[in-house]
Each structure stands twice: as C-alpha cells, then as structure tokens.
Amino acid sequence: MWFCLGSVINLPGFGWEIMMLIIGFLLIIAGAYCIIRTYHLLKIIIGMEIAMKAVTLLIILAGLVNGNLALAQSFVITIIVIEVVVAVVAAGIAVSLYKKYGSMEIRNLRKLKG
Amino acid sequence: MEQYLLVICIFLPLLGAFLLPAVGKRKAKLRNQMALFLVAATFLCSTFLLPALHSGSPLFLHFELPLGLSFGFYADALAVFMALAASLVATVIVLYSFGYIKEEADQNEYYMMVCLFIGAMMGLVFSTNLIFIYMFWEISAICCWRLIGFYREATTIRRANKAFIITVAGALVMLLGFIGLYGETGTFDLAAMKGIAIPSWVVVLVLFGILSKSATFPLHSWLPDAGVAPTPVSSLLHAAVLVKIGVYVYMRMFVATLQIDEVFTVAVPALAAVSALVSAGAALRANDLKRVVAYSTISQLAFILLGLASGNEIGVVGGMLYILMHSVAKGGLFLCLGIVEHNVGTKDLTKMGGLYRTMPLTAIAFLFCAFSIMGIPPFGGFFAKYLVIAGIVAEGKVLLASFFIIGAVLTVLYLTRLFVKVFLGEATFPQVKEGTPLMVGSALFLAVLSAVLGIGIRVPSGLAALIGRGM
Amino acid sequence: MPILDYITVSFLVIPLIILVLNNLFSKQFVERINFKLVGVVAILQMALAVAGFSLLSAAHWEDYRFSLLWDWTMEEAGYFAVNSLSLVFLFCIGFVLLVAVLVAKATVEQRKTAFVNLVLTLLLGMNGMVMVRDLFSLYVFLEIVGISSFVLVALFQLETGLEGAFKYLVMSSLATVFILTGLAFVFMQTGSLQYAQAWADWLSVQGTAQLYTYLAFILLISGFALKTGVVPFHSWLPDAHQSANTAVSILLSGIVIKVAGIYGFIVLTKLFPGFPPVALALRILGLLSIVVGALFALRQTHFKRLVAYSSVSQMGYILLGLSSGTTLGFLGAMVHIFNHATFKSTLFTNAAALSAQAGTLELGELGGLEKKMPVTGFSSITAFLSTAGIPPLAGFWSKLLIIMALWKSEAEGFAAVALLASILTAAYFLRLQKKVFFGQLPEKFGAVTEIGGSVKFAELMLSAVNIAVGVGFPLILLFFEGRGLL
C-alpha cells in the first residue's frame with residue numbers, strides 16, 4: 001500500500017516516508033481523540049503530549065527527506081524542552097483544579113458558558 | 001480672505017459645545033448665555049456669507065487628501081440657505097430651552113448636545129466630501145441618541161436606541177452606496193463628480209440613508225416614538241436639524257451634483273405619496289399631542305421630497321422654500337405644544353380642552369404656525385406647497401399631484417382636530433397658567449415669522465431661485 | 001548605525017534586566033516599585049519604537065538586522081530584524097502594556113512579583129515574535145507568549161480563572177500541533193525555515209508536491225486561527241478573557257491575540273504570495289468571525305464576556321483587511337490593530353472600574369451608573385462608538401480603509417456584509433450601555449463613586465487617544481501618502 005501512495009505522491013525513496021507520515025498523523029489523531037473523548041484532566045494532558053510527540057516525529061521525517069537532519073534534530077530538542085514546560089503548566093493547573101473540586105473530572109468545569 | 005467666516009460658522013458651535021459642560025459646572029447662567037451666543041453667532045456668520053454669494057463667488061476652503069478624500073467646505077446658495085434656516089430656528093429653540101429645561105438635572109449635557117447638533121448640521125451642509133458628510137451625519141445621530149434619551153427612563157432609552165439603530169443602519173447602507181460610488185468614480189469629492197451619471201443601485205442604497213434620516217415611509221417609525229424627548233429637542237429634530245438632513249443630502253447629491261435615472265422622478269414621489277397619506281392618516285388617529293405633530297412632520301417631509309424629486313426647477317425651488325417654511329412653522333408648533341404639555345402635565349389629547357382661555361397667546365401662535373403648515377395664504381407654507389404641487393403638475397404627473405392634494409386636505413383636518421381638542425371646548429384644566437414670557441415669546445416669534453416670510457416671500461424665494469438656477 | 005543597534009537590542013534586553021531585578025531583592029522592596037518599573041518599560045518601549053521608526057525611515061532601509069551575542073552574518077545563522085511593521089507592533093505592545101499596568105495597580109493585590117515576572121516574560125515573547133525572521137523562532141516565542149498567558153490567567157487560583165486557563169491551554173496546544181505540523185511540511189519542501197528562504201523556495205514548488213502546500217497551508221491557517229480565536233476556533237477566547245484578572249484581559253484582548261494570531265496571518269500571507277486560497281480563507285474566516293462573534297455578543301450577560309466576543313468580531317475585520325492583498329487593506333488592518341487595542345483596552349478598563357466600584361460585572365445587576373461614574377460612562381461611549389465604526393472616532397477610519405480595500409479588490413459582497421455587520425456591533429453595545437449606565441439605579445449602588453487614580457487616568461488617556469486619532473486621521477492619511485503608501 002505504501003508503494004501505491006509513493007507512486008502517487010512523487011517523493012524520493014519508496015514509501016517508508018509515507019509510512020512514517022501516516023504513523024505521525026495517526027498519532028496526532030490518537031492524541032486529539034484522547035483529548036476529545038476523555039473526561040479526566042490528566043488524560044487530556046497525556047493526549048496533548050502524544051500529539052506533540054507525533055509532531056516531533058514528523059519534523060525528524062522532514063529533516064530526513066530534505067537531508068537537513070542536524071537542523072531537524074535541533075528543532076526537535078527545542079520543541080521537547082518547550083513541551084515539558086507546557087506539560088508542567090498544564091499539570092499545575094490540573095492539580096489546582098483538583099484542590100478546588102476534589103476530582104480531576106472535566107465536567108466540573110461548568111462555570112464559564114454562553 | 002473671508003474663509004474664516006466659514007470656519008467660524010462650522011467650528012464655533014462644534015468646538016464651543018465642549019466648553020459648555022466645563023462652564024456649566026461653575027456658572028449655569030453663563031453656560032446658558034454662552035450656548036445662546038454660540039448658536040446666534042452661527043446664524044450671524046451664515047448671514048455674512050450672503051454678500052459673497054450674491055457677488056457670484058461663494059466662499060470655499062479645500063484641502064486635498066489621498067484616496068479621493070478631500071477636506072473642504074463650500075458656501076453655495078444651497079448650503080447657505082440650509083444653514084440660515086437651521087441656525088435661525090435653533091437660536092429660537094435655545095432661547096426657549098432656558099424656560100423649559102430649567103428644572104432638569106442634566107442641563108450641561110443638554111446644551112452641549114444641542115450646540116454639537118447645530119455644529120454637525122453646519123458641517124454637513126457646507127462639506128464637499130461624501131465621507132465628511134457621512135461623518136457629520138453620524139455626529140448628529142449621536143446627539144440625537146443622547147437627546148431623545150434625555151430623561152433616562154426605561155421607555156425613553158428604548159426609543160432613543162430605536163432611533164439610533166434605524167438611522168445608523170440607514171447611514172451604513174448609505175455609506176455602502178458612497179463606497180460603491182467611489183468604486184465607480186474613484187473619488188468622494190462632490191465637485192469632482194459633478195454631472196456624472198450614476199448607476200441606480202447606488203441611488204437606492206443612498207436613498208435608504210436619506211429615508212431613514214428624513215423619517216419617510218417605510219423607515220419612519222422612529223420619529224413618532226422620539227416624541228419622548230424634551231419638547232425643545234423634538235422641535236430641534238423636526239424643525240431645525242435632524243430630519244432636514246436627509247432631504248438636504250438628496251438635494252445635494254441627486255439634484256445639484258449627480259445625474260440619476262429618470263425612473264426616480266416617479267419612484268421617489270410615489271414613495272413620498274404613500275408616506276404622506278399613511279402618516280396623515282396616522283396623525284388623524286393619534287391621541288398623543290406630539291405623535292400627531294410627528295406624523296405631520298413625516299407627511300410634510302414627503303412634500304419636500306416630492307418637490308426635490310420632481311425634476312424641474314419650480315418643484316425644486318418649492319421644495320427648498322418648503323424646508324424653510326416647515327422649519328419655522330413646525331418649530332413654532334412644537335414650542336407651543338411644549339408650553340401646553342409642560343404646564344398641563346400630560347400629552348393626552350382627549351384629556352385637554354378649552355386652553356385658549358388660560359393660554360391665549362400660545363393659542364394664537366399655534367394657530368399661525370398651523371395655518372402655515374396647512375398652506376393657507378398669506379402664510380409662508382402656502383407658497384411652498386403651491387410651488388411643489390405646481391412643479392409635479394408641470395411634469396404632467398397629475399395623478400401623483402392629486403394624491404398630494406388629498407394629503408394637504410388631510411393636513412388641514414388633523415391640525416384643525418388638534419387645535420379644537422386642545423384649545424377649544426370645555427376647560428378641563430382651569431388652573432393652568434400661560435408659559436413664561438420667554439417661552440411664549442419664542443413661540444410667537446416663530447409664528448409671526450411664518451406670516452412675515454409669507455408676506456415678504458420675495459426674500460427667501462430670491463435665495464431659493466438662486467439654488468434652482470445653480471442646478 | 002550603532003544607535004539603531006542599541007534600540008533594537010533593548011527591546012529584548014530591557015525586559016530581561018527588569019525580570020532579573022524583580023527577583024533580585026526582597027519581596028517587600030520589590031513590590032513597592034515593580035509596577036512603576038513595568039510602566040517605565042512600557043513608555044520606554046513606545047519611545048524606542050518611535051525613535052527606531054524615524055531612524056529607519058530616515059535611512060530608507062527596508063529592515064535592520066541584528067543579533068544578541070552571535071554573529072548573524074554567518075551563513076544560515078538566525079537573526080532578528082526590525083522593519084516598520086514590527087516597530088508598529090512594538091509600539092502597540094508598549095501602549096497596551098502601559099494600560100495594563102495602570103489597571104493592574106488597582107486590580108492586582110496579591111502575587112505582585114509573580115504577576116510582574118509573567119508580564120515581563122509575555123513582553124519578551126511578544127517582542128521576540130515580531131522581530132524574528134524564521135518560522136521556528138516564531139514558534140518558540142509564540143510558546144513563550146502562550147505559556148505566560150496561561151499562567152497569568154490561572155495566577156489567582158480562582159475556579160473560573162483555572163477553568164479558563166485550562167481551556168486556553170488545551171486549545172493552544174492544539175494550535176501548536178497544527179502550526180508545527182505545517183512547519184514540518186514547509187521544512188520538508190524547502191529545507192529551511194527562514195522567511196526569506198522559505199518564501200523564495202516555496203514559489204518554486206510544482207507538481208504533485210503541491211498537495212503538501214495545501215496541507216501546510218490548511219494546518220498553518222487553522223493554527224493561527226486558533227491562536228487568534230476567530231470563528232469557528234473561538235471557543236476558548238471568551239472563557240479565558242472573561243475569567244482572567246482584568247489587567248490580564250487587557251493584555252490578552254488588546255495585544256496577545258494580535259501578536260500571536262494576526263501577526264502569524266501576516267507572515268502567512270507573505271509565505272504564500274499569490275496563492276488564491278489564502279485570500280479566500282482569510283475572507284471566509286473574517287466574515288464568519290464578524291457576524292457570528294457579534295451575534296454571540298448580543299446575548300451575553302457578563303460585561304467582560306460580551307467585550308471578549310466583540311474582540312472575536314473585530315478580529316474578523318483585521319483578517320478581511322489582510323485578505324485584500326493590497327497596501328490599502330494592509331494599512332487598514334494595521335490601523336485597526338492599533339484602534340482595537342485602544343478601544344478594547346478602554347472597555348476592559350471600564351470593566352475594572354465597574355467591578356472595583358460596583359462589585360459586579362453581571363449586566364442584569366448593574367444599571368443607572370451614568371451619573372455615579374461619569375468618566376467611566378463617557379469613556380465607554382467613546383469606545384462603543386469607535387468599535388461600531390461611527391465617525392468621528394478612530395474605529396470608523398480603519399473600517400473605512402478595510403472596506404474600501406475590499407471593494408477595490410473586487411470582493412464587494414464581503415465589503416457589504418462587513419459594513420452592514422457594524423449595525424450588530426452598535427446593537428450589542430447599545431444594549432450594554434442601556435443595562436450598565438442608563439436605566440434605574442439599583443438601591444445598593446447608592447453609594448457608588450467614580451473610580452480614581454490610575455484607572456481613571458487610563459480611561460481618560462484612552463478616550464483622548466481614541467478621539468484624537470479619529471479627528472486627526474486626515475493627518476495620518478497625509479503621512480501615509482508622504483511615505484508613498486497610498
């Protein structure tokens with residue numbers, strides 16, 4: 001199947017890039033699905049992280065394809081650092097919400113509407 | 001170098017208005033005098049524009065701006081005529097306000113908004129650029145919003161908001177028309193687009209604005225509702241500034257500057273005819289003093305629009321005279337009603353009667369003004385109404401003319417009804433007193449003026465003929 | 001020109017220095033002066049932006065490149081650069097920051113040091129965003145802006161603030177995912193993320209690889225739309241702006257959504273030059289935002305939430321201006337960015353005054369405050385008229401420029417709807433005025449007085465700017481003409 005797609009989209013190589021691409025997209029979709037379908041603050045944060053890790057995969061792929069892997073690696077390291085900060089902030093907010101409501105239930109968040 | 005007159009004429013009331021609240025915080029009396037001074041000086045400056053006009057070289061100011069914009073003022077016959085009519089009536093109204101408004105809490109805002117209103121009117125009539133016309137148009141809408149909602153009660157606020165929304169919506173559609181016009185011609189400058197034929201869709205868009213501002217059917221409903229304002233404000237809206245803005249822009253754009261399709265010489269008068277008859281009928285049925293007169297204004301505005309849209313010189317001169325005569329007479333009428341309503345404490349016609357015994361001078365002033373609006377010779381209104389009808393007949397549109405004659409007859413009926421109900425019959429409020437000398441004096445002044453303008457019709461008609469020739 | 005070097009570098013160095021100073025000394029000492037320091041930073045930033053602008057235009061330079069500690073002249077080295085666009089943004093940032101600090105003096109009572117730290121980080125992030133010249137650094141600074149905003153919203157640990165911050169964070173990280181995936185595609189095609197490089201290479205892309213162009217384009221548009229909060233990506237914006245401290249709302253609504261979102265769109269329009277879907281996408285998003293945002297605003301019952309929806313609506317006008325692709329539309333959008341900063345800050349400042357004096361922002365509970373709070377009433381009227389695009393206030397001119405540009409680029413339908421949607425704006429603000437300032441004064445507000453001090457000063461200053469820009473706009477037009485822009 002990769003080979004069919006590879007011939008449709010004119011990439012160098014024979015389709016493992018396409019495979020990586022699809023895995024990356026599947027991971028992003030999995031992360032998004034996790035955000036949408038779960039009702040637990042921490043699970044939402046995990047979903048966000050899955051999606052972000054998928055993106056780093058895509059960037060490495062991009063570096064492989066255009067031969068500029070060093071640059072791609074430096075990008076990915078930076079992204080990972082930033083993601084850790086975002087995850088920490090998110091977890092901090094989640095913990096504060098837990099202290100307020102006594103649970104991590106997302107359906108507690110009903111104060112802002114309209 | 002007499003351009004400074006023109007600048008004074010516009011910016012004196014416009015900027016002076018902002019000084020009034022500051023002055024009023026310390027000395028109320030000084031503020032009143034200052035307000036009167038601002039408006040009267042505007043009137044005087046407008047009269048000083050006449051010599052240059054008669055010598056054939058009207059005063060003007062002009063600055064070029066990019067994007068087809070320009071900042072300019074031009075004191076041609078049309079502009080000066082409108083400025084004179086508006087500032088004259090406004091001066092009398094400010095004088096009258098001294099008596100009417102003196103117990104109210106927020107006089108600073110009142111006088112500021114009135115002066116700003118006059119300034120916006122002056123700016124609008126002298127501007128030569130559509131965008132600046134739009135700007136002054138909206139300034140007048142803001143003033144109107146604050147003044148109609150002056151009493152700040154739930155109903156007045158709702159009515160003020162209604163007036164604001166309708167006029168601003170109309171103005172936005174008009175602005176769209178202006179931008180369309182800009183797309184066609186590449187300029188907003190009226191002088192640059194003189195004599196250009198414009199597409200009908202632009203005319204229709206601009207007409208929306210005009211009809212909403214001039215309270216013509218089907219966008220008229222805000223004007224009767226605006227009667228909740230203090231009566232001098234109603235007088236200002238109906239007589240001096242607000243509703244005349246719409247017909248002025250019609251005159252300025254579609255008669256004096258641009259060429260429009262033939263179809264509008266039928267369509268606009270036809271719409272005006274509907275407006276005249278519908279509102280005259282409503283005036284016959286209304287039981288609120290100010291609603292009757294407001295419907296009457298809608299009806300009379302239709303006559304003005306008829307004259308201006310008739311497409312020949314007689315009609316246009318008639319329309320212009322009508323603006324003046326209606327301003328003076330309707331202003332006077334409102335001032336009389338203001339005295340009645342202020343002293344009696346109700347606006348309900350059915351509860352009144354026999355007031356001529358206690359308010360003889362008011363009754364006489366009312367009668368004079370009503371005669372002028374009905375079109376009874378030798379009052380000024382007669383000549384204007386005659387010329388307007390003569391204009392449409394000269395175009396061969398006898399059917400339309402007959403509708404308007406029915407409208408004129410209805411005018412006589414509802415004004416007579418109003419007079420009879422309020423001033424004749426059994427006295428229901430025997431203890432009511434005449435208004436203060438200043439208030440009655442202002443009303444009488446406008447009443448006498450409408451008679452004088454009729455007897456000395458040569459003076460205003462000379463100026464109006466100058467406008468007609470300039471077309 | 002070394003002086004320009006100092007000016008440009010100081011946009012990044014000054015926030016850093018103040019950030020260090022803010023944490024160097026004891027809390028008691030710092031909290032006495034740190035708001036004043038931030039105010040000075042804001043004024044300094046405005047002054048430096050003006051100075052830089054005049055120097056740049058005096059020298060007739062397109063842009064001025066610089067770096068902090070590395071040699072940017074090396075091949076493929078990243079660098080910062082300022083041009084007139086970024087200087088305008090820097091000026092707006094300084095302006096909104098000044099207002100936010102003035103308001104914060106009244107609204108922020110606890111955690112002052114933390115607040116100032118975060119505001120300075122936010123400033124650093126925004127300054128960096130408008131000065132970087134490659135997409136990846138743009139992302140890095142975008143995240144700095146984002147993270148400091150989340151924490152600012154959540155800072156005071158209220159239930160609403162935490163809720164708003166969490167929603168903001170989740171949506172924002174989705175935006176990050178979109179933007180980074182888009183970047184990955186751009187990187188894959190061009191091998192570089194520097195603007196100049198990417199723009200040049202992007203044009204040469206042909207054939208089946210255009211699929212990636214479309215993908216990258218959709219992802220980047222969605223990402224920045226999420227950051228701007230335009231319809232249909234707006235769900236987080238009212239929550240975050242309503243629940244944050246009012247000083248933070250001023251920053252978020254006044255400038256953050258523009259730097260994080262609109263500036264991204266500006267980069268995008270340059271990244272995809274002459275790519276027809278760009279204009280179309282911006283137009284559709286813009287129009288949807290204008291209409292839907294205004295319709296939502298019509299039925300809000302909370303002052304700040306209404307004003308937040310109004311932001312959604314106004315962002316639409318800016319997008320429409322950008323979509324025209326002409327200089328006129330671009331100028332209109334820029335002027336609208338500044339005007340929106342002015343009038344939206346005014347409205348949020350009013351919110352701060354109302355909640356401080358009357359103790360509530362629920363429209364149903366307020367009423368009749370016009371006489372009690374004349375300055376607040378007056379400034380909210382100027383802001384309302386300006387937002388609704390009613391002359392002679394500033395908002396009218398920017399809307400006029402945008403609509404003229406749309407009309408000229410043959411999008412008459414969009415121009416017409418955008419213009420007529422102003423009536424919705426007027427309608428929801430009339431409702432606001434009626435509920436808050438007119439009508440019957442509830443008995444419990446008998447003792448309410450006008451707010452004093454810095455908030456009153458901010459209200460007066462903003463109204464003055466609003467009126468002055470509106471009345472003096474012909475001069476600004478002449479200035480544009482003198483620079484050959486019109």
Side-chain angles (χ1 to χ4, degrees), chain B residues 14-15 18 21 63-71 105-106 108-109 120 123 129 131-139 141-142 145-146 149 151-154 156-158 160-162 164-184 186 188 201 205 208, chain C residues 328 331 367-368 370-371 374 378 381-382 384-385 388-393 396-397 399-401 403-408 410 412 415-427 429-431 433-435 437-441 467 470-471 473-482 485-486:
Chain B
L14 215 50
L15 300 179
F18 292 97
F63 298 104
E64 272 300 323
L65 292 173
L67 290 174
L69 286 166
S70 63
F71 183 68
D106 211 0
N108 285 340
E109 188 190 320
N129 191 290
I131 290 300
F132 285 94
I133 287 184
Y134 177 76
M135 179 182 262
F136 289 116
W137 177 294
E138 293 289 49
I139 294 177
I142 298 168
W145 173 58
R146 299 295 285 190
Y151 289 128
R152 302 287 192 271
E153 286 151 10
T156 49
I157 300 292
R158 208 165 49 239
N161 285 355
K162 180 180 175 187
F164 188 75
I165 284 283
I166 292 182
T167 51
V168 167
L172 283 170
V173 178
M174 183 177 77
L175 182 62
L176 194 64
F178 288 172
I179 289 172
L181 198 55
Y182 173 73
E184 301 284 321
F188 285 115
W201 58 270
L205 290 179
F208 260 97
Chain C
L328 181 64
L331 278 180
E370 185 194 23
K371 293 271 163 31
F378 171 75
I381 285 178
T382 58
F384 135 54
L385 294 173
I390 289 175
L393 291 140
F396 164 70
W397 292 102
K399 277 191 188 172
L400 182 72
L401 292 188
I403 284 161
M404 276 166 70
L406 275 179
W407 195 277
K408 277 188 175 173
E410 292 179 355
E412 287 92 345
V417 177
L419 185 62
L420 298 183
S422 295
I423 200 65
L424 292 175
T425 314
F429 274 119
L430 278 179
R431 178 167 163 269
Q433 288 288 328
K434 186 173 137 194
K435 296 237 171 191
F437 293 106
F438 297 158
Q440 207 69 42
L441 185 75
I467 294 171
V471 175
F473 202 78
L475 298 176
I476 298 175
L477 279 178
L478 285 175
F479 170 75
F480 287 152
E481 194 188 26
L485 292 170
L486 290 177

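Residue numbers start from 1 in every chain, and the chains themselves are labelled A, B, ... in the order their sequence lines are given, proteins ahead of strands.
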Counting C-beta onward and ignoring hydrogens, is there a side-chain heavy-atom pair between [X] and [Y] closer than 4.5 Å?
| X | Y | result |
| --- | --- | --- |
| B:Phe178 | C:Leu400 | no |
| C:Lys371 | B:Asp106 | yes |
| C:Leu477 | B:Phe71 | no |

Return the [atom1] to [atom2] distance between [X] and [Y], rounded to the nearest 0.5 Å.
| X | Y | atom1 | atom2 | answer |
| --- | --- | --- | --- | --- |
| B:Ile142 | C:Ile390 | CD1 | CD1 | 6.0 Å |
| C:Lys399 | B:Leu175 | NZ | CG | 11.0 Å |
| B:Met174 | C:Leu419 | CE | CG | 11.0 Å |
| C:Lys435 | B:Ile157 | NZ | CD1 | 13.0 Å |
| B:Phe164 | C:Gln433 | CZ | CD | 9.5 Å |
| C:Phe480 | B:Leu67 | CZ | CG | 10.0 Å |

Item checked: Contact leader toward chain C among B:Val173, B:Ile131, B:Leu69, where contacts are heavy-atom pairs under 4.5 Å -> B:Ile131
Margin query: Looking at chain C, which one of B:Glu64, B:Glu153, B:Arg152 has the largest number of heavy-atom pairs inside 4.5 Å, strictly under?
Written below: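 Heavy-atom pair counts peak at B:Arg152.
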For a quick test of reading the model, state the closest non-hydrogen atom pair linking [X] to [Y] and the distance between them.
| X | Y | value |
| --- | --- | --- |
| B:Ile179 | C:Ile403 | CD1-CG2, 3.5 Å |
| C:Pro474 | B:Phe132 | CG-CZ, 4.1 Å |
| B:Leu172 | C:Ser422 | CD1-CB, 3.7 Å |
| B:Ile139 | C:Pro392 | CG1-CD, 3.6 Å |

[X] portion near chain B, given a 4.5 angstrom heavy-atom threshold:
| X | value |
| --- | --- |
| C:Phe437 | neither |
| C:Glu412 | neither |
| C:Leu401 | side chain |

Check whether [X] gets within reach of chain C through its side chain, its backbone, both or neither, counting any heavy atom under 4.5 Å.
| X | value |
| --- | --- |
| B:Ala154 | neither |
| B:Phe63 | neither |
| B:Tyr182 | side chain |
| B:Tyr134 | both |

Notebook entry, point to check: Under 6.0 Å from the CD atom of C:Glu481, do we count more than 12 heavy atoms belonging to anything else shown?
Noted result: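 Above 12, so yes.
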Next item on the list: Taking atom CZ of B:Phe208 as the centre, report whether more than 12 heavy atoms of other residues, nucleotides or ligands fall under 6.0 Å from it.
Entry: no
Checklist line | B:Trp145 ring center near C:Phe429 ring center (under 6.0 Å) | finding: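 That pair fails the under 6.0 Å test.
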Next item on the list: Please lay out, stage by stage, how B:Met135 and C:Trp397 fare under the test side chain to side chain contact (heavy atoms under 4.5 Å, CB included).
Entry: CA-CA 10 Å; B:Met135 179 182 262; C:Trp397 292 102; 3.4 Å; yes
